[in-house]
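Here's the structure we're looking at; comments come further down.
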Amino acid sequence: VLFRSLGEKSAKIKTLMNDDTFKDIISEIVERQVAIFMDAYSETNERDRAHDIVCAINEITNYMESVVADDKISKRKRKK
């Protein structure tokens with residue numbers, strides 16, 4: 001395990017999510033995949049692959065957001 005605690009994991013994820021280079025890369029990848037959807041000449045397998053990529057990115061970002069949210073909830077519970 002790379003992280004000792006949820007708080008440490010959350011902090012590292014927040015840093016990554018706020019990193020401009022990371023955000024640019026994710027945005028560029030999604031834009032490329034959307035361009036494939038919009039291309040009337042793209043083939044079904046290309047559109048399927050683009051869809052899979054966008055779904056994977058969404059899954060990753062949802063996971064990252066859930067870790068941050070779980071950490072916030074955990075901190076609130078400890079304060080009580």
Side-chain angles (χ1 to χ4, degrees):
V1 177
L2 297 174
F3 304 103
R4 295 178 191 212
S5 69
L6 178 61
E8 182 182 351
K9 187 176 191 177
S10 175
K12 290 185 183 281
I13 287 173
K14 281 189 230 176
T15 299
L16 183 59
M17 289 173 67
N18 290 320
D19 182 84
D20 288 335
T21 301
F22 177 77
K23 291 191 285 189
D24 289 345
I25 289 168
I26 296 297
S27 179
E28 287 176 23
I29 292 170
V30 170
E31 286 174 17
R32 288 181 188 174
Q33 303 319 304
V34 170
I36 292 170
F37 288 128
M38 302 301 287
D39 182 356
Y41 297 104
S42 66
E43 297 189 14
T44 302
N45 64 330
E46 293 172 315
R47 289 189 300 275
D48 289 346
R49 183 170 184 272
H51 176 264
D52 291 345
I53 291 169
V54 171
C55 286
I57 289 171
N58 285 337
E59 188 71 24
I60 291 165
T61 55
N62 287 342
Y63 172 76
M64 293 168 74
E65 291 168 357
S66 75
V67 169
V68 172
D70 289 349
D71 183 45
K72 286 180 183 176
I73 291 168
S74 177
K75 285 177 181 174
R76 284 188 196 135
K77 285 182 179 179
R78 278 186 262 144
K79 286 182 180 180
K80 291 182 179 183

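This chain uses plain numbering: 1 for the first residue, then up along the sequence. Just so it is clear, the model here is predicted, and its values are computed rather than measured.
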field: For Arg49, all residues meeting side-chain hydrogen bond (donor to acceptor under 3.5 Å, both in side chains), sequence neighbours excluded
entry: none
query: Ile53 and Ile60: same hydrophobic cluster, using ILVMFWY side-chain contacts below 4.5 Å?
result: yes
query: How about Gln33 and Ile36: do any of their side-chain heavy atoms sit closer than 4.5 Å?
result: yes
- line: Output for pair (Glu43 CD, Arg47 CZ), nearest 0.5 Å, gives 8.5 Å
task: Please round to the nearest 0.5 Å and tell me the distance separating atom CD of Glu65 and atom CG of Asn58.
output: 9.5 Å
Pairs satisfying salt bridge (charged side-chain N to carboxylate O under 4.0 Å, His left out), at least one member in residues 15-42, at least two apart: Asp20-Lys23
- request: Give, for atom CG of Asn18 and atom CD1 of Ile13, the distance between the pair rounded to the nearest 0.5 Å.
  value: 12.0 Å
message: Please report the interatomic distance CD1(Ile57) to CD1(Ile26), rounded to the nearest 0.5 Å.
response: 5.0 Å
- request: Inspect the surroundings of OH in Tyr63 and state if more than 12 heavy atoms from other residues, nucleotides or ligands are less than 6.0 Å away.
  value: no
field: Interatomic distance, Leu6 atom CG to Lys75 atom NZ [nearest 0.5 angstrom]
entry: 8.0 Å
Closest non-hydrogen atom pair, Gly7 against Asp71: CA-OD1, 3.4 Å
Glu8 (side chain) donor-acceptor with Arg4 (main chain) under 3.5 angstrom: yes
message: If hydrophobic clusters are built from ILVMFWY residues whose side chains come within less than 4.5 Å, do Met64 and Val54 share one?
response: no
message: Membership question, hydrophobic clusters at under 4.5 Å side-chain separation (ILVMFWY): are Phe37 and Ile29 in the same one?
response: no
